[in-house]
Amino acid sequence: MPPVDAPHLALSVGFWSDQFVNGLTTGSLYALIALGYTMVYGVLKMINFSHGEVFMLGSFAGYGVLAAMGGDDISGVMVAVTILAALIGAMAVSAGTAAVVERIAYRPLRNAPRLAPLISAIGVSIFLQYLVLDQTDARAKFYPDIFPRGDFSAGPFDITYIQTFLIASSLAMMVFLYVIIQRTRMGRAIRAVAENPANASLMGVDVNRTIVMVFVLGAAMAGVAGVLHGLFFQTIRGSMGFLPGIKAFTAAVLGGIGSIPGAVAGGYALGLAETVGRELLNELPGVDLGNQWRDVIAFSLLVTILIFRPTGIFAERASSRA
Amino acid sequence: MAAGALSVRGLGMQFEGLSALADVSMEVPAGEIHGLIGPNGAGKTTFFNCLTGFYRPTAGELWLDAQRVDGLPTHVLSALGVSRTFQNIRLFANMTAIENVLVGSHIHIGVGGTDVLTARRPSKYAALERMLSLRGAPRAALQGVVELAGAVGRPPAVRRAEMEAVNTARTLLGAVGLAGKENALARNLPYGDQRRLEVARALATRPGLLLLDEPTAGMNPQESAAMVGLIRRIRDQFETTVVLIEHQMRVVMGVCERITVLDYGRKIAEGTPAEVQRDTRVIEAYLGTRAVKEAGDGSP
Amino acid sequence: MKRAYWSRLHWLLAAFALVAVVAAACGGDDDDDDTGGDGGDVTYGTAGFKVIEIAAGAPVKIGVSSVTSGDLTGLGQPIVDAAILAGEGKTIQGHPIEWVVKDDQCSPDGGAAAANQILQEGVVATVGPICSGAVVAAQPQYEQAGVTHVSPSSTAHKPTFPDRDQVFQTFLRTTYSDDIQGPAQAKFAYGTLQAKTAYIVYDTDAYGSGLRDAFRKAFEAEGGKIVGTPEGFEKKTTDFKSIVTNIQNAKPDLVYFSGFYAEATPFIKQLRAENKDVKFLSGDGVKNDEFTKGAGADAEGAYLSLPSPVYAGDGYRSFTELFEKATGLKVDSSPFVAESYDAATVIITALEKVAEKDGDKLKIDLEKLNEEIRKVELDGAAGKIKFDARGDNVGGETPVSLFVVKNGAYEEVKD
Amino acid sequence: MNPMRQLGDSTVGRLPGAARWPLFLALVAMLPFLLSDVWIQMLFFVGLFIVLGLGLNVVVGFAGLLDLGYVAFFAAGAYSLGIMTSPGSPFDLDMNFWLVLPLGVLIAASFGVLLGLPVLPLRGDYLAIVTLGFGEIIRLFLVNREDVTAGSQGLSAIARPEIGSFQIETFTHWFYFILIAAVIVGFIASRLRDSRIGRAWEAIREDEDVAAAMGVNKVKYKLMAFAIGASVGGLGGVLYASFIGFINPAGFSLQVSIDVIAVVIIGGMGSTPGVILGSLVLIGFPRILQFKETADFLGKFEWLRDGLNGIVAAFDTVIPGSIGRLPAASEWGRELADDTRFIIFGALLVAIMVLRPEGLVPSRRRQLEFETEDLPVPAGGAA
């Protein structure tokens with residue numbers, strides 16, 4: 001489609017701040033999902049291709065909980081209670097799926113050539129996606145519209161309640177995860193296994209259990225992202241996992257795969273690149289990129305980063321690339 | 001290829017702030033068998049990795065005869081005559097013995113493939129340079145097409161080259177004592193044979209400088225003695241300079257004409273075996289606090 | 001000698017590349033624009049009509065090419081069910097009707113494969129394919145076999161204005177093409193809604209981009225102005241926030257959405273969260289109950305068009321009753337089911353006239369069947385049906401009807 | 001299998017082996033006389049995926065590079081033909097099929113080189129993801145650069161090949177056409193595998209650092225593998241576009257890449273019979289399930305369905321309404337070919353990786369037949 005309106009847009013401060021908030025919102029979701037990729041990669045040096053589907057299952061689990069607790073009729077205090085229940089339900093389902101998948105499809109391949117687990121993961125991804133498509137007759141489901149509307153204003157920024165909730169809860173989850181990794185016994189075990197599984201096992205760490213924990217923690221984050229996605233964008237379907245999955249992987253790579261703060265930073269960076277970045281490109285003369293080029297931006301970023309700086313733009317030390 | 005002289009000037013290698021090699025200089029004249037010894041973690045294998053382009057040295061220069069070679073890609077170094085074996089045997093496990101050797105003679109099987117010699121030492125912006133190197137693309141593409149056409153069409157010249165390579169490979173296998181085992185998968189060979197196969201593969205590249213990383217590791221005294229004989233024979237027969245890392249002092253003293261001693265990434269001594277044995281710093285490094293540990297480990 | 005040989009090859013390659021570049025550059029500027037909507041001069045290709053004989057007691061076979069697997073099953077299966085309903089309790093001179101249902105996966109190679117399977121079974125006509133991509137890929141095969149195929153839901157420009165010179169004689173459709181819906185929407189937007197500027201949001205697939213082109217052309221012809229960059233989205237997109245911000249910035253009178261309800265629902269929710277006033281107009285891909293149910297209060301005031309007259313006739317009422325009883329689905333929630341019922345009805349009606357008894361056998365001349373189907377005029381479940389020479393349905397006097405969402409229900413708008 | 005088989009000393013080696021392929025091909029060439037059009041059309045697609053599989057096999061099986069964006073090259077070939085021959089193309093060049101065929105292959109190959117040049121130094125899984133991203137970029141480009149590709153509206157009436165006045169038109173013609181293409185590609189692939197180049201690929205796959213230390217230019221040979229794979233992908237694309245006559249971007253999704261990868265992996269990486277079997281299982285079988293013949297055949301198992309439904313009914317009386325009944329036996333094929341197909345497909349990929357990573361028909365480990373007085377050849381397990 002050729003450009004229509006040559007000087008692109010008369011841009012205001014409000015426009016940019018709105019796009020910034022949009023970028024942050026999307027970025028929060030990418031960041032949450034990216035955590036799962038980055039943790040698994042950090043420990044197993046493996047791209048868990050099915051992580052996007054784990055996210056999708058979380059979304060459906062949350063939907064199930066919300067629907068069971070009354071759907072559109074929920075109001076008042078019950079809104080908070082149900083959302084909490086949905087989050088917990090989603091975390092449980094996602095984590096459970098990831099644990100089972102790890103046991104069946106990944107653990108037997110731990111010493112196989114590097115490509116074997118990747119292909120197995122693609123298989124899992126297809127399996128889960130079509131299982132859900134089959135169960136839902138490939139129809140979209142709509143999250144109940146129960147979240148209170150309205151927005152906060154701070155200077156040029158207008159942030160709706162739901163956006164605030166989404167950004168805040170994803171940040172909270174990330175901090176929670178960071179504390180687990182840095183401060184608990186389990187976190188130490190995870191870091192030890194990531195450093196060197198053989199040594200960790202010599203030091204008495206149960207490597208298998210730790211790896212399952214890594215999958216479970218990452219999946220729980222993806223489950224939360226699934227519910228937040230549902231609450232915010234409202235439409236969910238069996239095939240929804242692929243694109244956010246691959247973009248979250250991009251985010252993880254962007255931030256330096258293997259690094260937890262990196263995944264978070266990468267998520268926000270990608271979210272902003274897709275929104276603010278695209279509009280900035282549109283400010284260039286002769287450039288007029290519609291929304292349809294958004295994914296191209298994300299994929300180009302992925303390709304470029306992997307080629308020129310496979311350690312990520314935020315990683316200060318060159319290590320995790322094997 | 002005639003034996004090559006190696007000159008190392010102020011070589012240094014740092015990993016994330018950790019210094020593995022610092023200011024190492026040495027001269028190995030053509031045709032010498034040179035030993036490289038030192039306690040575990042002294043930087044011997046790192047030194048080899050720098051020499052073969054696995055690592056890019058962070059300081060210093062490497063010269064092979066009259067050419068500066070540090071920072072060149074591995075395959076170019078190989079083409080220039082640097083070949084090696086590995087401490088923890090790295091054969092192509094799922095290929096047969098003769099195929100392993102044939103890979104070694106890769107660039108000597110004639111179809112195209114001369115471009116390796118013109119490769120430049122890359123700077124910091126390697127990825128960018130790869131994009132810019134497109135100027136040479138038409139020639140490279142043409143060479144590629146020639147090579148592919150040769151492989152598919154298999155004209156007499158290519159057949160001849162292959163047959164020659166096969167014959168050479170057989171000779172090499174015979175020379176290291178693997179005659180009759182051409183078709184065995186590398187991973188099915190006994191340990192000693194695997195070591196010898198690595199040597200044959202390294203020789204197939206027609207090296208001017210052969211780097212042997214603990215060639216007798218894990219061998220019994222008889223096998224070790226045979227390896228010593230083999231190393232001497234190789235030097236004489238194939239006209240190559242040999243640098244070897246070795247832990248068994250009997251081997252080192254028996255075969256090496258000169259020895260360099262590394263400790264904590266620095267050169268602490270150099271000289272003939274007799275000189276080195278008398279050097280106090282060497283004795284200290286070996287018999288000092290870590291001597292007990294060394295003995296306990298055996299040869300790693 | 002070797003050197004000379006290779007350098008010659010070198011030149012040959014270079015010359016080859018040059019030819020390619022020049023050829024590409026030359027071809028660049030002549031643009032053929034065949035988007036004219038006239039059904040005027042039409043030349044047909046050669047269709048391979050045959051005469052089919054059906055043995056005593058054997059069924060008359062009719063094909064159905066639709067989607068019965070994957071993402072679009074929800075669209076395809078009700079269309080199959082509706083077509084089959086049209087044959088319920090009917091026989092062709094005592095011969096039962098058998099439906100040959102094949103999955104075309106809504107894709108070109110699926111369409112071609114399904115066509116082949118359907119044709120192999122000796123069908124006399126086919127309902128479908130339902131997706132334009134599958135139609136275009138399958139048309140040559142049906143044409144070659146002389147089997148008339150009536151699509152209930154392919155709305156693209158291409159099936160009746162093919163890239164090749166001749167029009168396909170065996171293709172017809174009971175739905176209306178984008179070339180009719182787009183202009184009607186534009187007229188409604190510019191005239192009735194008084195929208196002088198419009199912002200376009202479209203699904204990048206064949207349906208979305210096709211309708212977008214039809215609307216845009218007509219809207220600009222009316223005198224309207226498209227503002228901002230037309231924003232495309234891939235199917236399954238849920239995040240429209242960035243587009244909404246751009247809409248806010250461009251301040252259009254109207255947002256034109258060319259796509260399906262699954263994306264329209266999150267889109268309008270995100271739009272209304274920021275902007276309560278801008279008018280929203282969309283087409284048949286959105287107008288169904290899933291949209292009003294999913295978007296709830298945010299759907300209020302949305303304008304939607306359907307490329308068919310308002311369903312009101314007896315045909316519609318009886319079909320609705322039949323369909324809802326048989327499938328448990330609401331007619332309004334499944335697009336193109338009435339058209340599918342009509343497509344099957346058209347075929348059966350023509351069959352009844354054309355089929356000839358020959359002893360205890362039944363003879364069906366496919367050429368006569370094609371002629372008869374083209375001549376059919378019918379008050380169907382989706383309105384009046386009459387075909388033009390290209391196979392487009394021109395039966396409806398006001399073939400496009402417009403609705404506004406009020407209190408969660410669709411209410412017709414008359415201009 | 002071995003580098004030297006055709007070279008001099010081993011013509012005596014295995015005559016039956018040498019005769020196996022011609023015999024197989026002769027049998028395959030008879031198929032059009034035995035089967036109806038529907039089957040031949042199915043076999044065309046099987047053949048197409050054999051061609052694609054053989055091409056990708058060079059990249060994945062020989063050189064060990066996982067390419068998840070193979071569809072990009074397939075699309076490059078298909079759109080080369082589409083854009084240059086379709087009357088609906090924005091350029092309307094109306095070129096001849098035979099002219100575009102090499103051009104399409106060349107264009108696809110240059111895509112391969114252009115992509116490969118920067119990404120090949122990357123390892124395994126990173127390469128997989130970059131190629132996946134590249135494949136998606138190409139698809140999005142096809143969708144959105146409507147001024148070049150006609151976008152989602154697609155290109156139809158694409159040229160078909162003519163030889164003199166003879167037009168390749170019927171399914172049977174196409175069947176032989178794709179058969180010839182597959183034989184040529186298979187021949188080239190096997191010649192390459194048995195050459196110095198193939199050995200270099202194998203060495204890179206085994207241990208690329210050591211391969212480099214032995215003088216193998218990693219980037220060059222990876223690039224070569226990529227270019228060969230891409231050319232074959234392009235060839236497949238040209239043939240596909242011409243056969244089907246109509247292309248639009250929806251046909252060039254990630255699913256195609258995954259299908260081809262699966263064909264290679266399920267059959268057995270590096271193995272030609274593996275690719276053939278993989279294509280039959282993954283591409284042919286789901287189509288066969290939908291055929292009338294299959295329905296007729298399964299219809300004979302109505303008794304089995306009755307029996308099973310009896311068991312189901314028994315359960316149902318214990319827990320009412322818990323499970324549905326099985327559909328008619330003749331419908332089983334179709335039911336299986338619907339969504340269940342992908343569920344099985346996913347599970348199959350996992351199962352193969354976990355239980356039999358070498359594939360169903362692994363490439364037999366080269367057993368060199370040198371005429372040397374010989375140690376017994378060790379039992380060659382596959383990689």
Exercise. Hey, does the side chain of B:Ser78 reach the backbone of D:Ala213 with a donor-acceptor pair shorter than 3.5 angstrom?
Worked result: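 Checked: pair present.
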Problem set entry | Side chain D:Arg196, main chain B:Ala151, donor-acceptor under 3.5 Å |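 No, D:Arg196 side chain to B:Ala151 backbone: no donor-acceptor pair under 3.5 Å.
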For this session: Report yes if some heavy atom in the side chain of D:Met214 is under 4.5 Å from a heavy atom in the side chain of B:His106; otherwise report no.
Result: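 No. Closest side-chain heavy atoms not under 4.5 Å.
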Exercise. With a 4.5 Å heavy-atom cut-off, do D:Asp209 and B:Arg90 have their side chains touching?
Worked result: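 Counting from C-beta outward, D:Asp209 and B:Arg90 do come under 4.5 Å.
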Quick one: closest heavy-atom pair of [X] and [Y], and the distance?
| X | Y | answer |
| --- | --- | --- |
| D:Ala203 | B:Val103 | CB-CG1, 3.7 Å |
| D:Asp207 | B:Phe92 | O-CE2, 3.7 Å |
| D:Val210 | B:Arg201 | CG1-NH2, 3.3 Å |

Exercise. Side-chain donor-acceptor pair under 3.5 Å between D:Tyr221 and B:His75, yes or no?
Worked result: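 Short answer, no.
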Exercise. Under a 4.5 Å heavy-atom cut-off, does chain D meet the side chain of B:Arg160, its backbone, both or neither?
Worked result: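 No part of B:Arg160 comes within 4.5 Å of chain D.
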Exercise. Which bit of B:Phe54 is near chain D, if near means a heavy-atom gap under 4.5 Å: side chain, backbone, both or neither?
Worked result: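 Answer is side chain: those atoms of B:Phe54 sit under 4.5 Å from chain D.
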For this session: Evaluate whether atom CZ of B:Phe48 has more than 12 neighbouring non-hydrogen atoms of other residues, nucleotides or ligands under 6.0 angstrom away.
Result: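 Atom CZ in B:Phe48 is packed in, count exceeds 12.
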For this session: Look at D:Val113, D:Leu192, D:Val216, D:Ile228 and state which one has the largest set of heavy-atom pairs under 4.5 Å with chain B.
Result: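 Maximum pair count with chain B is reached by D:Val216.
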Problem set entry | Rounded distance [0.5 Å steps], CD in B:Glu99 versus CD in D:Glu202 |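 It is 5.5 Å, given to the nearest 0.5 Å.
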For this session: Give, for atom CG of B:Asn100 and atom CZ of D:Arg199, the distance between the pair rounded to the nearest 0.5 Å.
Result: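 Interatomic distance, B:Asn100 CG to D:Arg199 CZ, rounded to 0.5 Å: 11.0 Å.
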Exercise. So does D:Glu206 pair up with B:Arg187, basic N to acidic O under 4.0 Å?
Worked result: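 So D:Glu206 does not pair with B:Arg187 through a salt bridge.
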For this session: Heavy-atom distances under 4.5 Å only: say whether D:Ala211 touches chain B with side chain, backbone, both or neither.
Result: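 For D:Ala211, the contact with chain B is made by backbone and side chain together.
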For this session: Examine whether an atom of D:Leu223 lies under 4.5 Å from a heavy atom of chain B, and if so say whether it belongs to the side chain, the backbone or both; otherwise answer neither.
Result: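 No part of D:Leu223 comes within 4.5 Å of chain B.
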